[in-house]
Amino acid sequence: MADTVREVESERLARILPDALRAIHEVIEKHEVTEEEWMAVLGFLTEVGKQDEFVLLSDVTKTSVLVDDISHRGESGVTPSDVEGPLYREDPPWREKPVKIYEEYEGAQNGDVLFVRGRVASTDGAPLGGAVLDIWQTGPDGGYDIWDERQPDYNFRGRFGVDEDGGYEFQTMVPKPYTIPTDGPVGRLLDATEQHPWRPAHIHFKVEANGHQPLVTQVFFPDDPYLENDTIGAVKSALVRPLIRQDDEDELARRGLDAPFYTCEFDITLKPAMSAARA
Ligand code: BEZ
Ligand code: FE
């Protein structure tokens, strides 16, 4: 099996690499790139590697979005996929019901509570009771937990199972637009090419269920100033979901809240895996 995989990989490499090199050579020829310029390119790429910014480079050049689109081309009736980005962390905490993916901290006072809810189902509408959601996002200010010293480790991250009928709900806070890391070589590239570093507010989802293709996606919100010009170009209209303000006193009391909050509905449809489709 491993040998077959390696054969397929080397076949693909033999077909793709000559084209890739031809494209690079054409650009060098067209622009008469000098030795000094080429060495600067190699130096830049070396630094990107040293600082572990290749995923970021792929994202800001919108290459990640292109590859994701190609990988999911022709899929219909399922929730659109979207890029993972470099800020996912393995093994986030398992969150029990009622699911809340953050701990209170100083910055939480600067934002609004949000409940995201929906249902995970297969393409034929059957609920996927065994599905597991893995969520990560920024807080209402200060960005991701790994950048914001005020936040406990793994804040605004978590995994949890859905109900038997595929339903889920989790408590979080409304995220805000933020800038991707700009202190490394990719930041210098953005500067040099006058590309801003902003992403619209979003929540990342990974969804898994037996017999179904895993899904990685993001949810966005209307009226965000960066919806039309996300620096990684990842916004898809089907993933933009309204935030509904809730100020009913009884509902606030039921949820133990003392300020209006928001809700957002996001139903998820997964594609049966090939083997499951044949069974
Ligand atoms: C993010 O959304 O987490 C992200 C995506 C691409 C580059 C940087 C950050
Ligand atoms: Fe993000």
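Only this structure's heavy atoms are used, side chains among them; waters, hydrogens and symmetry mates stay out. Along the sequence shown, residues are numbered consecutively beginning with 1. As the structure lists them, so they are numbered: ligands from 1, and atoms in each ligand from 1.
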A.B. asks: Taking only heavy atoms of L56 into account, list the atoms of ligand 1 that are under 4.0 Å away from them.
C.D. replies: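 What qualifies from ligand 1 is 7 (C), 8 (C).
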A.B. asks: In terms of side-chain heavy atoms, does S58 have a donor or acceptor partner in T63 at a distance below 3.5 Å?
C.D. replies: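 No - no donor-acceptor pair under 3.5 Å links their side chains.
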A.B. asks: Can you tell me how far CG of L133 sits from CZ of F170, rounded to the nearest 0.5 angstrom?
C.D. replies: 7.0 Å
A.B. asks: So, regarding E84 and ligand 1 (criterion: nitrogen or oxygen to nitrogen or oxygen, under 3.5 Å), is there a contact or not?
C.D. replies: no
A.B. asks: Taking N, O or S atoms only and a limit of 2.8 Å, check whether Q137 reaches the Fe ion (ligand 2).
C.D. replies: no
A.B. asks: If you have a sec, read the angle at the Fe ion (ligand 2) from H204 atom NE2 over to Y178 atom OH, to 10 degrees.
C.D. replies: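 Between NE2 of H204 and OH of Y178, the angle at the Fe ion (ligand 2) is about 170°.
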A.B. asks: Need the ligand 1 atom indices (1-based, order shown) with element for anything under 4.0 Å from a heavy-atom of I180.
C.D. replies: 7 (C), 8 (C), 9 (C)
A.B. asks: Does the pair D163/K97 count as a salt bridge with the N-to-O cut at 4.0 Å?
C.D. replies: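 Counted as a salt bridge, because a side-chain N and a carboxylate O are separated by less than 4.0 Å.
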A.B. asks: What is the nearest protein non-hydrogen atom to atom 6 (C) of ligand 1, stated with its residue, atom name and distance?
C.D. replies: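 Closest protein heavy atom to atom 6 (C) of ligand 1: D59 OD2, 3.1 Å.
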A.B. asks: Check whether any N or O atom of W136, backbone or side chain, sits under 3.5 Å from an N or O atom of ligand 1, and answer yes or no.
C.D. replies: no
A.B. asks: For the pair H196 (side chain) and Y226 (backbone), establish whether a donor and an acceptor sit closer than 3.5 Å, ignoring hydrogens and angles.
C.D. replies: no
A.B. asks: List the closest protein heavy-atom neighbour of atom 9 (C) of ligand 1: residue, atom name, distance to the nearest 0.1 Å.
C.D. replies: L87 CD1, 3.5 Å
A.B. asks: Hey, does the side chain of D165 reach the backbone of G167 with a donor-acceptor pair shorter than 3.5 angstrom?
C.D. replies: yes
A.B. asks: Counting only heavy atoms, which portion of P86 has something under 4.0 Å from ligand 1: side chain, backbone, both, or neither?
C.D. replies: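 For P86, only side-chain atoms sit under 4.0 Å from ligand 1.
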A.B. asks: Run the salt-bridge test on R22 and D19 with the 4.0 Å N-O cut-off and return the result as yes or no.
C.D. replies: yes
A.B. asks: Between the main-chain N or O of Y154 and the side-chain N or O of D145, is there a donor-acceptor pair closer than 3.5 Å?
C.D. replies: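 Yes; judged by distance alone, with no hydrogens or angles, the pair exists.
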A.B. asks: Students should be able to answer this: which protein heavy-atom is nearest to atom 2 (O) of ligand 1, and at what distance?
C.D. replies: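 Of every protein heavy atom, R199 NH1, 2.6 Å lies nearest to atom 2 (O) of ligand 1.
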A.B. asks: Are any of the N/O atoms on Y178, whether in the backbone or the side chain, positioned under 3.5 angstrom from an N/O atom of ligand 1?
C.D. replies: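 Among all N and O atoms of Y178, at least one is under 3.5 Å from an N or O of ligand 1.
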A.B. asks: Taking the Fe ion (ligand 2) as the vertex, what is the angle from NE2 of H202 to OH of Y144, given to 10 degrees?
C.D. replies: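 Angle NE2(H202)-the Fe ion (ligand 2)-OH(Y144): 120°, rounded to 10°.
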A.B. asks: Judging by distance only, is a nitrogen or oxygen of H202 under 3.5 angstrom from one on ligand 1?
C.D. replies: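 N/O-N/O distance below 3.5 Å exists for this pair.
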A.B. asks: Using non-hydrogen atoms of the residue, decide whether Y144 is closer than 4.0 angstrom to ligand 1.
C.D. replies: yes
A.B. asks: Look at R254 together with E251 and state whether they make a salt bridge at an N to O cut-off of under 4.0 Å.
C.D. replies: yes
A.B. asks: With a 4.0 Å cut-off, would you call R89 and D153 a salt bridge?
C.D. replies: yes
A.B. asks: Below a 4.0 angstrom heavy-atom separation, can you tell me which part of Q218, side chain or backbone, both or neither, approaches ligand 1?
C.D. replies: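 None of Q218 does.
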A.B. asks: Distance under 4.0 Å to a non-hydrogen atom of H204: what atoms of ligand 1 satisfy this?
C.D. replies: 1 (C), 2 (O), 3 (O)
A.B. asks: Following the transitive rule for hydrophobic clusters with a side-chain heavy-atom cut-off under 4.5 Å over Ile, Leu, Val, Met, Phe, Trp and Tyr, establish whether V78 and F266 coincide in one cluster.
C.D. replies: no
